[in-house]
Amino acid sequence: MRPQTTLIASQHQTKPVNKISMDYNFSDIEQKWKSHWQQTQLYKVHNDTSKPKYYILDMFPYPSGEGLHVGHPLGYIATDIFARYKRLNGFNVLHPMGFDSFGLPAENYAIQTGQHPAITITKSSEVYRQQLNNIGLSFDWSREVSTSDPKYYRWTQWIVLQFFDSWYNATTDKAEPISTLIAHFEQYGSHQLNAICTEHEPFNANDWCNFTETQQQALLINYRLFYPGEGEVWYCEALGCVLANDEVKDGVSERGGHPVERRKLPQWFLRMAAYAQRLLDDLNDLDWSESMKDFQRNWIGKSEGALVHFPIQNHHEPLSVFTTRPDTIFGVTFMVVAPEHDLVAQITTEEQKSEIDTYIKYVKSRSERDRISEVKTVTGAFTGAYAINPFTNLPIPIYISEYVLAGYGTGAIMAVPSSDDRDFRFAKHFDIPIVYVIADTENLDNPTEKKRGTTINSGFLNGLDTDAAISQAVAEIEKRNLGKGKINYRMRDSNFSRQRYWGEPIPILHKYRDQTLPLFAVPENELPVTLPDVTSYVPRADGQSPLANVEEWLKTPNGWRETDTLPGAAGSSWYFLRYMDPHNEQAFCSPEAIQYWENVDFYAGGSEHAGGHLLYSRVWHKFLYDRGLVTTKEPFKKLFNQGMIQGRSNFVYRAQAPFYEEYFNDFLQKNFAKYQPVYVNKGVDFCLELCDLDIEVASSNSDRKLSNLQNTYEQSDRRILVVFIEQLIEWINTPEKLVAFVQNAIDSQNKFIFADNLPAMRSLFISQSKLSAFSERASTTLHVNVNLVQNDVLNIDGFRAWREEYKDAAFWLDDNSTYRCGWAIEKMSKSKHNVVNPDEIIAKYGCDCFRMFEMFLGPLEVSKPWNTDNIEGTSRFLRKFWRLFNIDESTPKLSTDQPSAAELKVLHRTIKAVVEDVERYSLNTCVSHFMKCVNDLTDLKCQNQHILTQLTILMAPFAPYITEELWHLLGNEGSVHTAKYPVLDEAHLVESVVSYPVQIGGKVRATIELPANCSQDEARTAALSNPRVLQYTEGKEPKKFVFVPNRIINIVV
RNA sequence: GCUCUGGUGGUGGAAUGGUAGACACGCAGGACUUAAAAUCCUGUGGACCUUAAAGUCCGUGCGGGUUCGAGUCCCGCCCGGAGUACCA
């Protein structure tokens, strides 16, 4: 389909119309410049260190098979505008794009279809690239990276091996090569070492030297930053594989609805927790939104407290807990251990065993989120074992409950029902005693409402306030050797392996098959370890990845390959560095490139990445910093979170059986009230009390009903009219025909009346504005393709053509003969038929219009619905802008005179507003400023070359094509995108007179004009003598006189 | 559950604590046209009041508070959206 505007334009060109300006023909213009820019490589970025750098980046997209919808480009257009703006202001701007191409969707598609994910992903990347190019984005595609490309993932694997080869030295507070750790072990054993590691038995230098290789390696993995261990994952017996959280819905697998359970399997981990404190500290210097920083702070979840060991009766090992409130230790009346805690099996008594087992089974089916968010019902089980409160020496029962997570703290808590809400509910439920340890909580219905105060019933802590009691308690705990003060982080080491095919193979070799230790890194010169082809992408029933089936790949001269792959986060945690030097085969990025580009200045993406990608990337960057591979501590200086674009769905309403009776009832009341129609619905639907006619509304295919009626009425003194639904539908928009039909029946003498020549049965759709008169049962609501709707008015022909079943659809229309649809704001999705494809919009309105409209929708950071209707305004604006140039036969007829003061004022007011708003990322208001400017210049009949040239450059970042075309029509060389950005001259904005609103008691009662540099006294005299003001002050002295220069006057009487 | 975020006309939205509704859409009326498209003009938060000009009151989810002045700041609610560690 050719765009409408083009048709009109070509008509004008073929007609010999005299002196009509050339119309704005976006499709020719955009085609022309798109290929021209490609040929001249306008957007190619060089590592040109003579210019200041600016690195602007969009979050890595995953190329989904469905292509882009209008929500995706929002951020890309915004960053493109900033990139172009920065370029015009003299920066060397890096603005690259690539694809995060490993991941589950392609893999699941491969499982279903057998197609290699590399093929699907290449196809969808190609679609993405084309669509992005359609939007006029100034990416340097020569720098494109793709995580599933072996040339790229070679370096992902390389960095992972650096993690493997590192440990965290808590003294120097950074990651160091594992060789320095081994040197330490050889000299001191594990003594005098301050490292972040998994706890293990201490050993000395002599021990170390006598350990076997496997023993040494087992110790080292307690320190490595990338290490093997055991982790809980979702496992589905029926599907025979590990599932992602996303693939588990309501406790069953999303595919097939099979039961799932948490299962411990060998996994690889990234020792993220080592970086917790630095991740927290360095947030302060970042230009991120406070909410995003808050999110990460909460995620890291630092808490200060104490580690306390409670002895267990009849058991050698103590129960260790972490608590933030050691001051309440006298109030501990029970302990709760995570159901999966190792101790549970050891301490559970014979009598309690079956209860505990049943409970553990229940918990295995629960997600972590379910476990912590469930507060209404308390669940748990008693182990039968008792711990001893070391301060009161009283035995306290040990329970297990799902609200305690194995992965947090020590996986066990000391429960203080008088100060913790969940403990309180638990104690109530299991009838456990409550000891009050804070003054004035004894008489509260819920003592946990008061969490701080004077300590009571607590021996040596009595009388202390909470803070003093905490430090006193910690001191005493340490003195009695019961534990120690400790800082705990909620953030834990990240599970960094997947038992799946479509990811980077973990470049590790095992000496023996199916035995983790000993293990070795794949030598650097053998990277990348590429993915072998497999016959099936389905994970193995034993939970291993499909790679474990590829015998010839598994076995190498030096050992057996690791079969786990890396998660998506691996490739996306460092990609922004690769863009700096994307083709380097000697290093992941050259030191020179890193020296110049440093890190990302402006990073745009959705806030949903806060806990994942943004945290992983920070850890990787900090690690690379520690190892001297990058020069900055943080990867992303400024973070901008754009909102989502929601879909705006449209609905049509299909009539259901009850509709016809309801409709006819209403019809009778309106048109035949004089016969007193009554809805009887007994045998027949209606009877007209003041005449001898009954009426039945029926479908023509209910033959038996008809013959029954006929029989009944042959013996009756009343007559019957059968109104067929088909007839009702046929006459729905011409009720006068139905009136005539019914009137005829009333007037006739026939016993049994029905229409014979019936139209075919069609489905009926009711316009939204008619709907309110009917019950909910009268219609069903159906999503309709939004592309068939404009301003909520349905394109009826389009609708009929949309689906076979709607071919003959009938419509009950509004009085103005339109069908009005209902609407709702929902997520944009295929099933809701509210997906709008940018390509279609661009074909109809042009890329420039699409870009400006996306920006015009609303503030970038806010979620908002897409509504194509409003695009007309933006389209009109661009045509009006074009007309300003007075183009006759492809030459603008403009004046080269000195612009007028009024014109200059409009221009500079716009420059000021646009620059201010671009700098604060408010792009929707920029579009408004351009509209206002074009409106004002049109009103001024401005045809000044200087003004319009400046405006063209100003608008170039927003509308790159039309401005480029006009730039050349104006006779300029080069590209508008390499021009010099307009500079604000305040001199043009100086006003001699300011108009002040005068408020009296906070309400505006008058407006007065005052000289620009007016003093408070002058303003006071002028305001108080104003007749309007006098009406309110009645000449009295005001209580207060507020004068805000250039703003407002407020008088208090 | 927890954390974050938002709530302003019929619609999208604008507004450093300073005239709420800029800029658009839609709608209504008008001009131009054989007609349509395109374009242009006028009106458009609600309720009063007036022949008119003008004016009055109410209005930014709800209830309080701070201030000469609150959409904006503070406290307490209500409703929607997002994230919640293996979707990316």
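Order of the sequence lines sets the chain letters (A, B, ...), proteins ahead of strands, with each chain counted from 1. Both backbone and side-chain heavy atoms feed into the values below; hydrogens, waters and symmetry mates do not.
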Regarding G9(B), purine or pyrimidine glycosidic angle vs 90° from 0 gives syn
Kindly give the atom pairs (protein nitrogen or oxygen, nucleotide nitrogen or oxygen) under 3.5 Å for nucleotides 86-88 of chain B.
unit_1: C86(B); atom_1: OP2; unit_2: Y616(A); atom_2: OH; d: 3.0
unit_1: C86(B); atom_1: O4'; unit_2: R498(A); atom_2: NH2; d: 3.1
unit_1: C86(B); atom_1: O2'; unit_2: N245(A); atom_2: N; d: 2.3
unit_1: C86(B); atom_1: O2'; unit_2: N245(A); atom_2: OD1; d: 3.4
unit_1: C86(B); atom_1: N4; unit_2: Q267(A); atom_2: OE1; d: 3.4
unit_1: C86(B); atom_1: N4; unit_2: N495(A); atom_2: ND2; d: 3.3
unit_1: C87(B); atom_1: OP2; unit_2: D246(A); atom_2: N; d: 2.9
unit_1: C87(B); atom_1: O4'; unit_2: D246(A); atom_2: OD2; d: 3.1
unit_1: A88(B); atom_1: OP1; unit_2: L104(A); atom_2: N; d: 3.1
unit_1: A88(B); atom_1: O3'; unit_2: D100(A); atom_2: OD2; d: 2.4

Report each atom pair, protein N/O against N/O of nucleotides 76-78 of chain B, whose distance is under 3.5 angstrom.
none

Y235(A): partners by ring-ring contact (aromatic ring centres under 6.0 Å, His included), with sequence neighbours left out:
none
Salt bridge (charged side-chain N to carboxylate O under 4.0 Å, His left out) partners for D421(A), two or more places apart:
R425(A)
For residues 1040-1052 of chain A, please give each side-chain donor-acceptor pair under 3.5 Å, one per line with the distance, not counting sequence neighbours.
unit_1: N1050(A); atom_1: ND2; unit_2: Q999(A); atom_2: OE1; d: 3.2

For Y537(A), the side-chain contact (heavy atoms from CB on, under 4.5 Å) test, sequence neighbours excluded, returns A110(A), I111(A), H116(A), P117(A), Y501(A), V534(A)
Quiz: residues 932-940 of chain A side-chain donor-acceptor pairs under 3.5 angstrom, not counting sequence neighbours:
unit_1: K932(A); atom_1: NZ; unit_2: D936(A); atom_2: OD2; d: 3.4
unit_1: N935(A); atom_1: OD1; unit_2: K880(A); atom_2: NZ; d: 2.9
unit_1: N935(A); atom_1: ND2; unit_2: M931(A); atom_2: O; d: 3.4
unit_1: D936(A); atom_1: OD2; unit_2: R909(A); atom_2: NH2; d: 2.6
unit_1: T938(A); atom_1: OG1; unit_2: V934(A); atom_2: O; d: 2.6

R876(A) side-chain N/O to C25(B) phosphate OP1/OP2 under 4.0 Å
yes
Reading nucleotides 5-14 of chain B from the 5' end, what letters show protein touch, with B for base, S for backbone sugar-phosphate only, - for no heavy atom under 4.0 Å?
S------BSS
Given pairs defined as Watson-Crick or G-U wobble with both distances under 3.5 Å, what dot-bracket annotation applies to RNA chain B, with ( ) intrastrand, [ ] crossing, | other strand and . unpaired?
(((((((..(((.....[....)))((((((.......))))))((((......))))..(((((..]....))))))))))))....
Reckon V1044(A) touches a base, only the sugar-phosphate, or nothing at all at heavy-atom distances under 4.0 Å?
base
The complete set of salt bridge (charged side-chain N to carboxylate O under 4.0 Å, His left out) pairs with one or both residues in residues 852-871 of chain A, sequence neighbours excluded, reads none
So which protein N/O to nucleotides 43-46 of chain B N/O distances come out below 3.5 Å?
none

Taking only residues two or more places apart in sequence or in another chain, which ones pass side-chain contact (heavy atoms from CB on, under 4.5 Å) with S373(A)?
none
